[in-house]
**Q** 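Dropping a structure here in structure tokens format, bear with me for questions.
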Amino acid sequence: MRVLFFGSSRFSVPPLQSIHSLVSFVVTKRAKPKGRGYVVGDSDVAQFARSLELPLFELDSFKDPVAHDIAALRPDLLVVVSFGLIIPKWFLDAPAIGSINVHPSLLPKYRGPAPIQWAVRNGESETGISIIRMSERMDAGDILYQERFCIEESENAERLSERLSQRTAVLLPGFLGEIEQGGLPEGRAQKEEDATYTPMISREMGLINWAAGASEIVRQVRALVGWPTAYTYIDGKLLKVFAADFGHRTEEAEPGRVLEVLPGGLLIATPGGSVLLRDVQMENRKRMNGAEFARGYRGILGKKLGL
């Protein structure tokens with residue numbers, strides 16, 4: 001069975017590694033220039049594919065002439081895991097057996113590009129992995145397999161993504177083996193009335209509103225830890241927050257006010273509670289523990305964070 005694998009992010013690498021012996025070609029989204037020097041680097045998938053010497057194609061869009069060259073390879077099965085581009089119907093129809101997609105949510109809930117981040121941001125207690133038959137509509141195809149996952153207490157989006165990716169890597173070899181023997185399973189249609197959609201994550205979503213309350217802020221930090229990272233300002237300078245927890249103080253104080261420096265971090269007031277900043281990074285400085293940062297910042301007690 002000739003498998004064509006589509007993936008771009010770090011989430012895609014363990015699944016690709018688990019089935020690489022079946023993969024004839026890898027397709028990834030072309031990386032964009034980044035950093036001050038606008039350097040173009042390989043995606044995580046591109047790096048791994050090159051390390052295994054797998055034939056690799058990079059796409060900007062399906063308007064690229066190379067997209068038709070890839071379809072002309074006539075693979076048996078298309079496997080898509082966190083690719084990042086909408087795949088048109090003419091391409092989905094190219095594989096002899098069909099096209100499947102692994103989506104890290106309990107579809108039809110959390111369709112779209114950021115299901116893991118939004119599950120954490122919204123305080124969900126569970127999520128899952130759905131393998132679907134691909135259709136023209138985003139994440140709307142028949143469900144071929146689904147598995148539920150508990151979201152662990154205090155788990156951030158990066159950790160949850162890693163767990164779901166590793167589980168996908170365990171599931172895929174056996175699932176593809178069944179497809180090779182008997183074709184795609186029957187599947188079941190998604191209930192459209194239950195569908196929800198996740199918007200793209202933007203940098204602006206990282207700005208902390210200290211008036212939002214402790215629960216909302218802690219979930220925001222955990223959801224956006226990879227990108228854009230939750231952030232605030234101190235004395236007009238950007239302060240990124242990589243880890244936060246609920247604080248012990250609940251007295252009323254102005255939201256964003258620095259209440260206390262503890263061994264575990266920096267305690268900040270919010271309505272009806274407080275937030276402990278455990279891991280932070282101020283612009284042009286290294287990432288560090290919140291308490292370590294506070295010790296090096298004279299007069300921090302009583303300061304107000306935010307714009």
**Q** Flag yes if more than 12 heavy atoms outside Glu193 fall under 6.0 Å of its CD atom; otherwise flag no.
**A**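 It does: Glu193 CD has more than 12 such atoms within range.
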**Q** Listed by chain and number, what are the side-chain hydrogen bond (donor to acceptor under 3.5 Å, both in side chains) partners of Lys240, not counting sequence neighbours?
**A**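 Residues passing side-chain hydrogen bond (donor to acceptor under 3.5 Å, both in side chains) with Lys240: none at all.
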**Q** Assess whether side chain to side chain donor-acceptor pair (under 3.5 Å) is satisfied between Arg188 and Gln146, documenting all intermediate values.
**A** CA-CA 11 Å; Arg188 58 181 171 84; Gln146 197 165 67; 3.0 Å; yes
**Q** Between the side chains of Glu162 and Gln166, is a donor N or O closer than 3.5 angstrom to an acceptor N or O?
**A**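 Gln166 and Glu162 do have a side-chain donor-acceptor pair below 3.5 Å.
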**Q** Students often mix this up, so state it plainly: with edges at 30° and 60°, are the rings of Phe293 and Tyr297 parallel, tilted or perpendicular?
**A**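 It falls in the tilted class, 30° to 60°.
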**Q** Applying side chain to side chain donor-acceptor pair (under 3.5 Å), run through Ser105 and Thr127 and close with a yes or a no.
**A** CA-CA 5 Å; Ser105 82; Thr127 185; 5.7 Å; no
**Q** Is the number of heavy atoms from other residues, nucleotides or ligands within 6.0 Å of CD (Glu126) greater than 12?
**A**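 Yes - once you tally the heavy atoms of other residues, nucleotides and ligands closer than 6.0 Å, there are more than 12.
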**Q** Between Glu251 and Arg249, is there a salt bridge with N-O shorter than 4.0 Å?
**A**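 Looking at Arg249 and Glu251, the cut-off is met.
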**Q** So, Thr28 and Ser43: side-chain donor and acceptor under 3.5 Å apart, yes or no?
**A**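 Yes.
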**Q** Ion pair present between Glu216 and Arg219, side-chain N to carboxylate O less than 4.0 angstrom?
**A**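 Between Arg219 and Glu216 there is a salt bridge, with a charged N closer than 4.0 Å to a carboxylate O.
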**Q** Ring centres under 6.0 Å, that's the criterion: do Phe91 and Phe6 meet it?
**A**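 So the answer is yes for these two rings.
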**Q** In terms of side-chain heavy atoms, does Arg222 have a donor or acceptor partner in Gln117 at a distance below 3.5 Å?
**A**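 No - no donor-acceptor pair under 3.5 Å links their side chains.
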**Q** If you count heavy atoms of other groups shown closer than 6.0 angstrom to CZ of Arg133, is the number above 12?
**A**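 Yes, CZ of Arg133 has more than 12 neighbouring heavy atoms, counting only those of other groups under 6.0 Å.
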**Q** Could you tell me whether Arg30 and Asp60 have a side-chain N and a carboxylate O separated by less than 4.0 Å?
**A**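 Salt bridge between Arg30 and Asp60, a charged N being under 4.0 Å from a carboxylate O: yes.
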**Q** Would you call Glu58 and Arg50 a salt bridge, using N to O less than 4.0 angstrom?
**A**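 So Glu58 pairs with Arg50 through a salt bridge.
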**Q** Test Ile132 against His103 for side chain to side chain contact (heavy atoms under 4.5 Å, CB included), laying out the working first.
**A** CA-CA 8 Å; Ile132 64 172; His103 188 77; 5.5 Å; no
**Q** Might you confirm whether atom NZ of Lys237 has over 12 heavy atoms from other residues, nucleotides or ligands at distances under 6.0 Å?
**A**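 Check fails, neighbour count at 12 or below.
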**Q** Please work out whether the ring planes of Phe83 and Phe62 are parallel, tilted or perpendicular, with thresholds of 30° and 60°.
**A**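 Geometry flag for Phe62 against Phe83: perpendicular rings.
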**Q** Report the distance from atom NE2 of His20 to atom OG of Ser51, rounding to the nearest 0.5 Å.
**A**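 These two atoms lie 9.0 Å from each other.
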**Q** Do Val3 and Val13 sit in one hydrophobic cluster, given that two such residues count as connected whenever their side-chain heavy atoms are within less than 4.5 Å of each other, even indirectly?
**A**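 Yes, Val3 connects to Val13 through the hydrophobic network.
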**Q** What's the separation between atom CG in Leu305 and atom CG in Leu266, rounded to the nearest 0.5 Å?
**A**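 Leu305 atom CG to Leu266 atom CG measures 7.0 Å (nearest 0.5 Å).
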**Q** Taking only Lys NZ, Arg NE, NH1 and NH2, and the carboxylate oxygens of Asp or Glu, determine whether Arg278 and Asp245 approach each other closer than 4.0 Å.
**A**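 Asp245 and Arg278: salt-bridged.
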**Q** Scan side-chain atoms only and decide if Asn122 and Tyr110 contain a donor-acceptor pair under the 3.5 Å cut-off.
**A**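 Their side chains do contain a donor-acceptor pair, which is all the 3.5 Å distance test asks for.
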**Q** Would you say Glu53 has more than 12 foreign heavy atoms packed within less than 6.0 Å of its CD?
**A**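 Counting neighbours around CD of Glu53, 12 or fewer heavy atoms of other residues, nucleotides or ligands fall under 6.0 Å, so no.
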**Q** Please tell me if the side chains of Phe25 and Arg2 come closer than 4.5 Å, counting only heavy atoms from C-beta onward.
**A**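 Yes, at least one pair of side-chain atoms sits under 4.5 Å.
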**Q** Calculate, to the nearest 0.5 Å, the distance between atoms CG and CD1 belonging to Leu277 and Ile268 respectively.
**A**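 Those atoms lie 4.5 Å apart.
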**Q** Quickly, which of Asp64, Asp69, Val27 forms a side-chain contact (heavy atoms from CB on, under 4.5 Å) with Phe57? Name it, please.
**A**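 Result: among Asp64, Asp69, Val27, Val27 is the only option passing the side-chain contact (heavy atoms from CB on, under 4.5 Å) with Phe57.
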**Q** Which residue in the set Leu176, Leu22, Val23 passes side-chain contact (heavy atoms from CB on, under 4.5 Å) when paired with Leu77?
**A**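 Only one option passes, and that is Leu176.
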**Q** For the CE atom of Met288 and the CD atom of Glu292, what is their distance to the nearest 0.5 Å?
**A**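 Those atoms lie 5.0 Å apart.
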